[in-house]
Amino acid sequence: MSMTKTPPLPEVFAEGSALRTRLLAERHAGRTVGLVPTMGALHDGHLSLVEAARRDCDVVVTTIFVNPTQFAPGEDYDRYPRDLERDRMLLAGSGCDWIFAPTTDAMYPSGSETTVDVGAIGQRLEGEFRPTHFRGVATVVLKLLNLAPADRVYFGQKDYQQTVVIRRMVADLNVPVEVAICPIVREPDGLAMSSRNAYLSDNERVQARSLSQGLELAKQMHAAGERQPNAYQAAITELLINAGAEPQYVALLEPGTVTAVDTVEGPTVLAIAAMVGKTRLIDNTTIG
Ligand code: AMP
C-alpha cells in the first residue's frame with residue numbers, strides 16, 4: 001500500500017500582529033525565519049524561492065498580497081490573478097510553513113501616509129514607465145519585514161531592478177535582514193515564468209519568446225567579440241520588433257546597479273522590458 005503523505009497545508013495568517021508574535025517566539029527559541037514576499041498566482045519561479053528558504057531556514061513564511069501601491073492607475077491591479085487556495089496547495093508541496101495574506105485595509109488603513117522614497121534608482125528603467133512602482137514595492141516590503149521579522153528575505157533575479165532597490169533600502173535604512181537573490185526560472189522554451197504570462201494569447205505567447213531569444217542573441221554576440229552596448233541594443237530591439245513585441249528598454253548595466261556600461265567588458269547585466277499586446281514583460285541575464 002502506498003504510504004505517500006499529503007504535506008500539511010500551511011497555516012494562513014491574516015493578522016500581522018498574530019504572525020509577528022509567533023515569529024518572535026520562534027526566533028527567541030533560536031529558530032531562523034525565511035520570508036518570501038509574493039503577490040500570489042504562484043508558479044515554479046515563486047516556489048524556487050520557497051524551496052531556497054526551506055533549505056536555509058527553520059521556519060518559512062510566504063506572503064501573498066497584491067499590493068495596490070505598486071500599480072499605477074490603468075495597470076492590471078484589478079485583473080491580477082488571485083487564488084489563495086490554489087497557492088496554499090502549491091506552497092504545501094514546497095515546504096512553506098505559514099502564509100501571511102493580509103487584507104488591503106489592514107496593510108493600508110485609512111490615514112496611511114508614510115512611504116519609502118527609493119531615490120534615483122527607482123526613476124530609471126522600470127521607473128521611466130512606472131514612476132511610482134518602486135516606492136510601492138519598497139514600502140510594502142519594509143512593512144512586511146516589520147510584520148514578519150525574518151532572518152533572510154528571498155527575491156528573484158527576474159525582477160532585477162527590484163533586487164537593486166531592495167538591497168539599497170535594506171542597507172540605507174539598516175533593516176536587520178539578509179537579502180537572498182535566486183536565479184530566474186524559465187519555461188522550457190526560455191520564457192521567464194511570470195504570473196502575467198497567463199494574460200498572453202497563443203499568438204502573444206509565441207511573441208513573448210523574443211525576450212529570452214534577445215538575451216541568447218546577446219550571449220552569442222559577446223562570444224563573437226562584440227563590446228559596444230549600442231550594437232546589442234540595436235540587434236535586440238530589431239529582434240523584438242520583428243517578433244511583434246514592442247520594446248520599452250534594452251539596458252546594459254553594471255551588476256548590482258542601474259548604471260549603464262560604456263563597454264561590455266566584464267560581467268554585464270542585460271535587462272529588457274517589452275510590451276506583448278497589452279502585457280508588459282521583463283527579463284534579464286548576465287553576459288560576459
Ligand atoms: P511577484 O509575485 O511577481 O511579486 O514575485 C514575487 C517574487 O518572485 C519576486 O521576488 C520575483 O522576483 C520572484 N519571481 C517571479 N518570477 C520569477 C521567476 N521566473 N524566477 C525566479 N523568481 C521569480
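Counting from 1, the numbers follow the sequence of the chain as shown. We count ligands from 1, going down the list as the structure has it; atoms in each ligand are counted the same way.
Contacts classified as salt bridge (Lys or Arg N to Asp or Glu O under 4.0 Å) and involving residues 130-140 (residues at least two apart or in different chains) are given here: Glu75-Arg130.
In this structure, Leu191 and Arg186 have side chains that are not in contact, with every pair of non-hydrogen atoms separated by 4.5 Å or more.
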Between ligand 1 and the protein, tabulate every N or O atom pair separated by less than 3.5 Å, reporting distance only.
unit_1   : atom_1 : unit_2 : atom_2 : d
ligand 1 : 2 (O)  : Met39  : N      : 2.9
ligand 1 : 2 (O)  : His46  : NE2    : 2.9
ligand 1 : 5 (O)  : His46  : NE2    : 3.4
ligand 1 : 10 (O) : Gly156 : N      : 2.9
ligand 1 : 12 (O) : Gly156 : N      : 3.2
ligand 1 : 12 (O) : Gly156 : O      : 3.1
ligand 1 : 12 (O) : Asp159 : OD1    : 2.7
ligand 1 : 16 (N) : Met193 : O      : 3.4
ligand 1 : 19 (N) : Val185 : O      : 2.9
ligand 1 : 19 (N) : Met193 : N      : 3.4
ligand 1 : 19 (N) : Met193 : O      : 2.9
ligand 1 : 20 (N) : Val185 : N      : 2.9

Verdict with reasoning, Glu187 to Arg209, per salt bridge (Lys or Arg N to Asp or Glu O under 4.0 Å): CA-CA 10 Å; Glu187 299 287 354; Arg209 285 161 52 180; over 6 Å; no
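Ion pairing of Asp189 with Arg205 is present here, as a side-chain N (NZ or NE/NH1/NH2) and a carboxylate O approach within less than 4.0 Å.
Using a distance-only test at 3.5 Å, with no hydrogens or angles considered, a donor-acceptor pair links the side chain of Arg82 to the main chain of Tyr80.
Using cut-offs of 30° and 60° for the angle between ring planes, the Phe71 and Tyr77 rings count as perpendicular.
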